[in-house]
Amino acid sequence: MTHVTLRPEFETLIDPYAPVGQVGTGFDFTEGPIWHPVHHYLLFSDMPGDVRRRWDAKRGVVEVKRPSNKCNGMTYDAELNLIVCEHATSSLIRERPDGRREVIASHYENQELNSPNDVCVHSSGAIYFSDPWYGRMPVYGVERPRQLGFQGVYRIPPGGGPPKLVVDRHLFDQPNGLCFSPDERLLYVNDTTQALIRVFDVEADGSLANARVFASGIRSELEPGLPDGMKCDQRGNVWVTAPGGVWVYSPAGELLGKVRVPELVANLAWGGADFRTLYLTATHSVYAIPVKAGPRHEPYMSGRASTGPETGSARPVSPQLAGDDMQLDPRRCAMIIQDLQNDVIMEGGAFADSGSPGHARQQRVVDNVRRLAEAARARGIVIIHVWFIVEPGAPGVTLNAPLFEGLVDSGAMVRGSWGAAPVPGLEPRAGDFIVEKMRMSAWEGTRLETILKATGRDMLINTGAWTNMSVEHTARTGADKGYFMIVPEDCCSTMNADWHNASINFAMQNVAVVTSADAVLRGLG
């Protein structure tokens, strides 16, 4: 079966002749696929059959839960607890590895939810879910009257609590699939009845704003299929079930191509040891297709199960060194790009007189960091931009050190100014994170560690300016916190070579693996 290329970018995501393999068939209606990142199996639901099954390459398809309360969408949280949408109970459930079952949400304003349908987890631990009323229809649920007079989308705060409606209650007819963009600044929600996808801005408090239509007309009179399951890949493209299989949209809403599948597709999920296999639950069968692009990194993908059967814990293993060859696991790595802003290293910047632009050129720091970041993104490594940002007048910056005095006196790093912007060539890409700080260390008063814990990263590739200040402070604190710090010295610069060498050759030798960009690239494979 040949897939349909509408724009050239589609073929960077999937081979147009990628085989569609059937891994199981004979089911009633499959849904809710989710891949276990530690034990490498696929869970999926069969609502009409009221059963949950799993598939792995060794045992094939095995039944694991009957009855399943006609479960639909499933995902894992960061601790690998299973989050389940149940049609028969109109509830969102957490199932722990030891078998404990907890109700996360069942009512809104003292009325039963319709039937939670699909679910995704934010890196903060907040849970978002859609609530159409398919689970109160025959076959796909248990027929019964509705208590709510609308179909909404809800958020459960980190740590739990009552669900909060985060969309206008009359915006959707049947909200269904939902997913975050790689940087979690956007939430996509589709509507099966309206045959469209809406996108929302995710505010700092987790609320949604600025609703707009991202894609519409996702229907056809020639073949079956409508928006249902939906996921975002690591590049920010949106993959949604649609007529004939799965349609893929760019972050700008352009239809790039169509993945063709023999049966009507209800949902999809990435899996496999490297998350480069796309699993599709398609009516009576489950299919698997090799793809080139991986998923947006979700909290569960770091694979840190804590308790329960088939799980175990082990001490983190440090980066492996054999002679000059470093061996790094991309799934455990994050790359920090720190303080590479115009005021810091560019001619015309507030600190240009320090000599920093000249040393940055000598180190080729912008070219080296860009080259390393591009290779890291391709391997699924989390990229975190750390910027020193102050408001006009620098409120909150204490004048307890010459560095901070100089920053305030020169009016540097002011939000929205040219000086605070990243240098050309190191702008954030889709899927990158941005962390703001007002101290030398990337850790102090920032959300850096929240991102690292949510994404399961414990090896930090530490790049940026200035070597003997921000880079060194970040390496020292990271080592104290238990992270493995890796400093490619040609991806760092400061005011002059002497200061750089003193930090690289002495100060950081006992807190980090000091190496080069090329060695890191070899270590990542």
Side-chain angles (χ1 to χ4, degrees), residues 32 72-75 83-87 90-92 104-137 141 146-158 160-219 226-232 236 238-242 249 251 253 267 296 298:
N72 191 342
M74 297 185 288
T75 191
I83 310 297
V84 185
C85 297
E86 292 187 349
H87 277 191
S90 295
S91 300
L92 187 69
I104 300 173
S106 60
H107 290 72
Y108 176 70
E109 294 184 344
N110 297 318
Q111 295 180 305
E112 286 184 351
L113 295 169
N114 295 311
S115 58
N117 189 282
D118 208 353
V119 58
C120 59
V121 178
H122 188 269
S123 62
S124 67
I127 300 172
Y128 293 72
F129 68 95
S130 59
D131 188 44
W133 65 280
Y134 292 119
R136 292 175 181 262
M137 298 179 183
R146 285 177 279 166
Q147 295 188 12
L148 291 173
F150 63 92
Q151 290 70 241
V153 177
Y154 298 88
R155 175 181 183 267
I156 305 294
K164 179 180 180 181
L165 183 68
V166 289
V167 300
D168 183 280
R169 63 178 61 200
H170 301 300
L171 183 61
F172 289 97
D173 289 334
Q174 294 284 23
N176 201 324
L178 71 172
C179 60
F180 287 105
S181 62
D183 61 8
E184 298 185 324
R185 294 183 176 186
L186 303 173
L187 181 73
Y188 298 92
V189 185
N190 66 45
D191 189 310
T192 302
T193 301
Q194 297 176 13
L196 55 74
I197 303 169
R198 288 188 173 87
V199 61
F200 302 81
D201 296 330
V202 181
E203 303 288 87
D205 63 358
S207 61
L208 304 183
N210 191 24
R212 63 265 191 203
V213 173
F214 173 75
S216 60
I218 309 174
R219 56 161 53 99
L226 285 165
D228 192 337
M230 183 168 61
K231 296 292 188 295
C232 203
V238 177
W239 302 54
V240 61
T241 65
Y249 290 89
N267 213 331
R296 109 170 171 94
E298 299 191 42

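In what follows, residues are counted from 1 in the order of the sequence shown.
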Should [X] and [Y] count as side-chain neighbours, where that means a heavy-atom distance under 4.5 Å?
| X | Y | result |
| --- | --- | --- |
| V119 | I127 | yes |
| L92 | C85 | yes |
| M230 | W239 | no |
| V121 | E298 | no |
| C232 | P182 | yes |
| L196 | N190 | no |
| P175 | P132 | yes |
| L208 | V202 | yes |

Test your reading of the model: is there a side-chain donor-acceptor pair from T192 to the backbone of P227, 3.5 Å cut-off? yes
Taking the side chain from Q174 and the backbone from W133, do they hold a donor-acceptor pair closer than 3.5 Å? yes
Where do L226 and R219 come nearest, in terms of heavy atoms and distance?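 Closest approach of L226 to R219, heavy atoms only: CD2-CB, 3.8 Å.
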Checking N117 against H87 for the side chain to side chain contact (heavy atoms under 4.5 Å, CB included) test, could you report, in this order, the C-alpha distance in whole Å, the side-chain angles of both residues, the deciding distance, and whether it holds? CA-CA 7 Å; N117 189 282; H87 277 191; 3.6 Å; yes
Sequence neighbours left out, cut at 3.5 Å: what donor-acceptor pairs do the side chains of residues 149-156 make with other protein atoms?
from : atom 1 : to   : atom 2 : distance (Å)
Q151 : OE1    : R146 : NH1    : 3.3
Q151 : NE2    : D173 : O      : 2.9
R155 : NE     : Y128 : OH     : 3.1

So the salt bridge (charged side-chain N to carboxylate O under 4.0 Å, His left out) pairs with at least one residue in residues 191-201 (sequence neighbours excluded) are D201-R212
Provide the full list of salt bridge (charged side-chain N to carboxylate O under 4.0 Å, His left out) pairs with a residue in residues 119-136, sequence neighbours left out, each pair given once.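 Those involving residues 119-136 are E112-R136.
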Which residues satisfy the side-chain contact (heavy atoms from CB on, under 4.5 Å) test with N267, sequence neighbours excluded? E31, P33, D118, K231, T281
For T241, check side-chain contact (heavy atoms from CB on, under 4.5 Å) against everything at least two apart and list the hits.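 side-chain contact (heavy atoms from CB on, under 4.5 Å) check on T241 returns D228, V265, L268.
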Working note: C179 + R296, criterion side chain to side chain contact (heavy atoms under 4.5 Å, CB included); need CA distance, chi angles, decisive distance, verdict. CA-CA 9 Å; C179 60; R296 109 170 171 94; 5.9 Å; no
Ring pair (Phe, Tyr, Trp, His ring centres under 6.0 Å): pairs with one or both residues in residues 184-210, sequence neighbours excluded: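 Passing the test, one end in residues 184-210: Y188-F214.
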Applying side-chain hydrogen bond (donor to acceptor under 3.5 Å, both in side chains), name anything that partners T193, two or more places apart in sequence or on another chain.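 Listed in chain order: nothing, the list is empty.
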For D205, check side-chain hydrogen bond (donor to acceptor under 3.5 Å, both in side chains) against everything at least two apart and list the hits.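 Partners of D205 under the side-chain hydrogen bond (donor to acceptor under 3.5 Å, both in side chains) test: S207.
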Return yes if a side-chain donor-acceptor contact under 3.5 Å exists between S130 and N176, otherwise no.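 No pair is found: no donor N or O on one side chain lies under 3.5 Å from an acceptor on the other.
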Separation between CG (L178) and SG (C120), nearest 0.5 Å, reads 4.0 Å
How long is the straight-line distance from CZ of F129 back to OG of S115, given to the nearest 0.5 Å?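 Interatomic distance, S115 OG to F129 CZ, rounded to 0.5 Å: 10.5 Å.
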Apply salt bridge (charged side-chain N to carboxylate O under 4.0 Å, His left out) to E86 and list each qualifying residue two or more places apart in sequence or on a separate chain.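 If we apply the salt bridge (charged side-chain N to carboxylate O under 4.0 Å, His left out) test to E86, skipping adjacent residues, the hits are R101.
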Near-ring test H122/F180, centroid separation under 6.0 angstrom: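 Yes - the distance between ring centres of F180 and H122 falls below the 6.0 Å cut-off.
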Walk me through it: do I197 and I218 pass the test side chain to side chain contact (heavy atoms under 4.5 Å, CB included)? CA-CA 9 Å; I197 303 169; I218 309 174; 3.8 Å; yes
